[in-house]
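Just below is one structure, and these are the notes that go with it.
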Amino acid sequence: MEEKVFFEYEDVKITNSRFLTDSQTFAMSNVTSVKPHRKSPNRTPGVIGIMIGLSLFFAQSFIIGLIVIGLSIYFMTKQKPLYTVILKTSSGENRALSTYQKEYLNQVIDALNEAIIYRG
């Protein structure tokens, strides 16, 4: 039986028998389920920066305070959530692929589900 390709983009390939990522290969026969995971960015440094900027602003260092607040807000707005594909296999859960692109992750998850159904 010839391998059927469900998804292929750069270093990721999903077929009915394999899931290849940049550094790993998973046998689809061992994959029992797949799920997405979203990790929110750590906002604590940005909040601390804003608090420091406010304290500088009210301590008569207006310009420096505004600069620190501005940089902290900029830093917080540039952070993105990290999306991960989690494969459940006979040996446990594996984080197979991580990306900052939600739509890309959804395409990979859909292709993995198609591959699981196809082999079933």
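Note that the numbering runs from 1 along the sequence shown for the chain. Please read all numbers here as calculations on a predicted model, not as lab measurements.
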Could you pull out every donor-acceptor pair under 3.5 Å between side chains of residues 65-80 and any protein atom, sequence neighbours left out?
unit_1, atom_1, unit_2, atom_2, d
S72, OG, V68, O, 2.9
T77, OG1, I73, O, 3.3
T77, OG1, Y74, O, 2.9
Q79, OE1, R43, NH1, 3.2
Q79, NE2, N42, O, 3.0

I need the full list of side-chain hydrogen bond (donor to acceptor under 3.5 Å, both in side chains) pairs touching residues 105-116, with sequence neighbours left out, sorted by first then second residue.
none
Under a 4.5 Å side-chain heavy-atom rule over Ile, Leu, Val, Met, Phe, Trp and Tyr, are [X] and [Y] clustered together?
X   : Y   : answer
M28 : V5  : no
I63 : I52 : no
F7  : L20 : no
I50 : L56 : no

Restricting to ring pair (Phe, Tyr, Trp, His ring centres under 6.0 Å), what partner residues turn up for F57, sequence neighbours left out?
F62
Nearest heavy-atom neighbours spanning [X] and [Y]:
X    : Y   : result
K4   : N16 : N-OD1, 2.7 Å
Q24  : A96 : NE2-O, 3.9 Å
Q101 : Y83 : C-CD1, 4.2 Å

Please round to the nearest 0.5 Å and tell me the distance separating atom CD1 of I14 and atom OG1 of T21.
10.0 Å
As an exercise, state the distance from CZ of F19 to OG1 of T89, rounded to the nearest 0.5 Å.
12.5 Å
Going by heavy atoms in the side chains, are Y9 and V108 under 4.5 Å from each other?
no
Quick one: are L97 and Y104 in side-chain contact, heavy atoms under 4.5 Å?
yes
Taken in chain and number order and not counting sequence neighbours, the residues that satisfy side-chain contact (heavy atoms from CB on, under 4.5 Å) with T84 are H37, L82, I86, R95, S98
Sequence neighbours left out, what passes side-chain contact (heavy atoms from CB on, under 4.5 Å) with S17? Give chain and number order.
E3, T15
Passes side chain to side chain contact (heavy atoms under 4.5 Å, CB included), L112 versus L87? Steps please.
CA-CA 9 Å; L112 285 166; L87 298 179; 3.9 Å; yes
Under a 3.5 Å distance rule, please check whether T32 uses its side chain to pair with a backbone N or O of K88 as donor and acceptor.
yes
Keeping to residues at least two apart or across chains, list the salt bridge (charged side-chain N to carboxylate O under 4.0 Å, His left out) pairs with something in residues 19-37.
K35-E93
